[in-house]
Protein chains: 2
Amino acid sequence: MTKIIDVISQMRKLDGKFPKREQRVADFVLSNLERATRLTQNEISEAADVSVATVNRFCQTVGCEGFRDFNIKLAQSVAVSLQYLGGPSRTDSESEQLVTQVFGALVDTLNLARFQLDSEAVEQAVSVLANARRISFIGVGGGSANVAREGANRFFRLGIPTEAHADGYFQRMLASTLSDGDVIFAISASGQPAELLDSVAIARQYGARSISLTKAGAPLARSADVSIEIDIPEDQDIYKPSASRLVFIAIIDVLAAGTARKRPELVKEYLRRIRTSMIALSEDTGPKPIGD
Amino acid sequence: MTKIIDVISQMRKLDGKFPKREQRVADFVLSNLERATRLTQNEISEAADVSVATVNRFCQTVGCEGFRDFNIKLAQSVAVSLQYLGGPSRTDSESEQLVTQVFGALVDTLNLARFQLDSEAVEQAVSVLANARRISFIGVGGGSANVAREGANRFFRLGIPTEAHADGYFQRMLASTLSDGDVIFAISASGQPAELLDSVAIARQYGARSISLTKAGAPLARSADVSIEIDIPEDQDIYKPSASRLVFIAIIDVLAAGTARKRPELVKEYLRRIRTSMIALSEDTGPKPIGD
DNA sequence: TATCAAAGTGTAAGTAACTTACATGCATTG
DNA sequence: CAATGCATGTAAGTTACTTACACTTTGATA
């Protein structure tokens, strides 16, 4: 697939090195980025006071096939840039800026995490989960505990008995009841909590498989059979919420989707049952994700 | 500023309501978003097996002036949605594709949601939250209940007493104890559950403010003082987890960040205290988001 | 069930826009 | 000063978008 070439930076790079008349085109476009998007080749040629052919050549000079191609690439670059540049002429309200910032940061982080994900670890984890008789998600501290609950919420829909716990003592006791065929899934942003380290160690001792989802290189990562590690630079702005738990949830999504695909028929049946159980409660029972 | 009209969500919104032949065009474009960007009207008409005129009418139906206009707007929407996705290369393993798909869908959905967010509603919600004496998050069903917990987890760090409940009976009873200065925050992907509708009505009756985070146009949205509405087309692939709860969490992030900025000094102090309380438990107490 | 109106659809002509070939002009260098 | 090569504009050529009109389907009503 063709990566979107950023014509704006391409124009900036060549700025000053264009042939004289093409430079006029560049000047005009660069100082009327947003407007140029909506103009035809002809209109641009008039605005820059050059011939249409020059405009066309200009397009080829910046690496496009012709004006058509240039026009679309410019529109795309402008669309992307305007989002994050928050250029000077923008009159976004404060709350619009807030939304852009937070969503931007989240998207950014998701993308970062995606490239860190070790696909081999994902594959191993899916294979362990798909064969699990039972999965116990554990996590402590508000965030990770919620991710653990989310994991349980995801996987029980696939017909696998699941549970989630945030109580360190309970976790250790629970771990000691697990055995071959069971899976303990430990979640921690720091990878340090003794509760989790203990629980994983206990569970392994009794023959259960263990999966960890945590910070790269953390003690917890080293202690589990399969370890999914992510290193997310937390934003320095302490008012900006951390994105790591969102990434964790996204990873749980990946694992759930992968597991579901390994047992398609079973899953369909379980989802059907769950949907049936909700018919009485809701008007809408189409083929949609289930549960509120 | 010129708002970029998001034709992709426009298409999704009208999906299923198009005239028969135009629907074919919609189907093709929606499932070949990136490719459609580079096709001419003629090529699209062939691919969808309709006449060019139908393609042109389709463009007008989704709110564009004609194909030219549509083509550019589509390119922009696609660019914004896919800006972080390097396309999947052919050599990707199955699990790599899985990761790409799930993350891609999430990023896509986040971008979509951003355009739908009504910044005025966000502003109002932040203002209500920042002045709250206490916030009760309520939700039912695995997903929304978790989002509610996440909300509580976020806001208590800002020094506001919070709680989260998933028990419908408890929610109603709780609601009847609220009064002026308290806030009830109801979360639901469907916006239908009677538990939430009742609780919000009861809380309002006793003078509490109410905020809802739910599907656009749902009953719950109409019943609250401030309503944040999102319309997310759920993916048809039932094995693919729904992205809506991730969007909900992202929105909670936005609200928390906005609230934090309204009370910077207070928040700093509370975060300091929380961090202090954790020093004994962890090696790492740098300026990072707190809590596991 | 027949009829009619309204909406949907395709064909084809018309128009606007992009592309390319070619001729002219200008600058640089031997 | 002449020759070469790059830069530019003109105009013809081609492609692509738009629109008018006629035919078809759909749905409502008698």
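Below, read A as the first sequence line, B as the second, and so on, with proteins coming before strands; counting in each chain starts at 1.
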When you match A/Asp69 and B/Pro19 each to their closest nucleotide on DNA chain C, which lands nearer the 5' end?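 First, find each residue's nearest nucleotide; the 5'-ward one identifies B/Pro19.
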Please give, in whole Å, the distance from [N] [atom2] to [X] [atom1]?
{"X": "B/Gln23", "N": "C/dT9", "atom1": "CD", "atom2": "P", "result": "10 Å"}
{"X": "A/Arg24", "N": "D/dT8", "atom1": "CZ", "atom2": "C1'", "result": "12 Å"}
{"X": "B/Gln60", "N": "C/dA7", "atom1": "CD", "atom2": "C1'", "result": "15 Å"}
{"X": "A/Ile72", "N": "D/dA16", "atom1": "CD1", "atom2": "C1'", "result": "13 Å"}

With sequence neighbours left out, what residues match [X] under side-chain hydrogen bond (donor to acceptor under 3.5 Å, both in side chains)?
{"X": "A/Ser51", "value": "A/Thr54"}
{"X": "A/Asn71", "value": "none"}
{"X": "B/Ser227", "value": "B/Ser212, B/Glu229"}
{"X": "B/Asp198", "value": "B/Arg172"}

Show me the pairs that pass side-chain hydrogen bond (donor to acceptor under 3.5 Å, both in side chains) and involve residues 55-64 of chain B, at least two apart or across chains.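 Applying side-chain hydrogen bond (donor to acceptor under 3.5 Å, both in side chains) to every pair that reaches into residues 55-64 of chain B, excluding sequence neighbours, yields B/Glu22-B/Thr61, B/Gln41-B/Asn56.
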Between the side chains of A/Glu150 and B/Arg245, is the shortest nitrogen-to-carboxylate-oxygen separation below 4.0 Å, so that they form an ion pair?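 Here B/Arg245 pairs with A/Glu150 in a salt bridge, since their nearest N and O are under 4.0 Å apart.
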May I ask you to evaluate whether B/Lys20 reaches the phosphate of C/dA7, defined as a side-chain N or O under 4.0 Å from OP1 or OP2? no
For B/Phe248, enumerate each residue passing the ring pair (Phe, Tyr, Trp, His ring centres under 6.0 Å) test, keeping only those at least two apart in sequence or located in another chain. none
How would you list, by chain and number, every residue that makes a ring pair (Phe, Tyr, Trp, His ring centres under 6.0 Å) with B/Phe67, sequence neighbours excluded? none
Could you go over nucleotides 14-18 of chain C and give all protein N or O partners under 3.5 Å, atom names and distances?
| residue | atom | partner | partner atom | Å |
| --- | --- | --- | --- | --- |
| C/dC18 | OP1 | A/Gln41 | N | 3.4 |
| C/dC18 | OP2 | A/Gln41 | N | 3.0 |

Hey, what are the protein-to-nucleotides 9-11 of chain D N/O distances that come in under 3.5 Å?
| residue | atom | partner | partner atom | Å |
| --- | --- | --- | --- | --- |
| D/dG9 | OP1 | A/Arg21 | NH1 | 3.0 |
| D/dG9 | OP1 | A/Arg21 | NH2 | 2.9 |
| D/dG9 | OP2 | A/Ser51 | N | 3.3 |
| D/dG9 | OP2 | A/Ser51 | OG | 3.1 |
| D/dG9 | OP2 | A/Thr54 | OG1 | 2.6 |
| D/dG9 | N7 | A/Arg57 | NH2 | 3.1 |

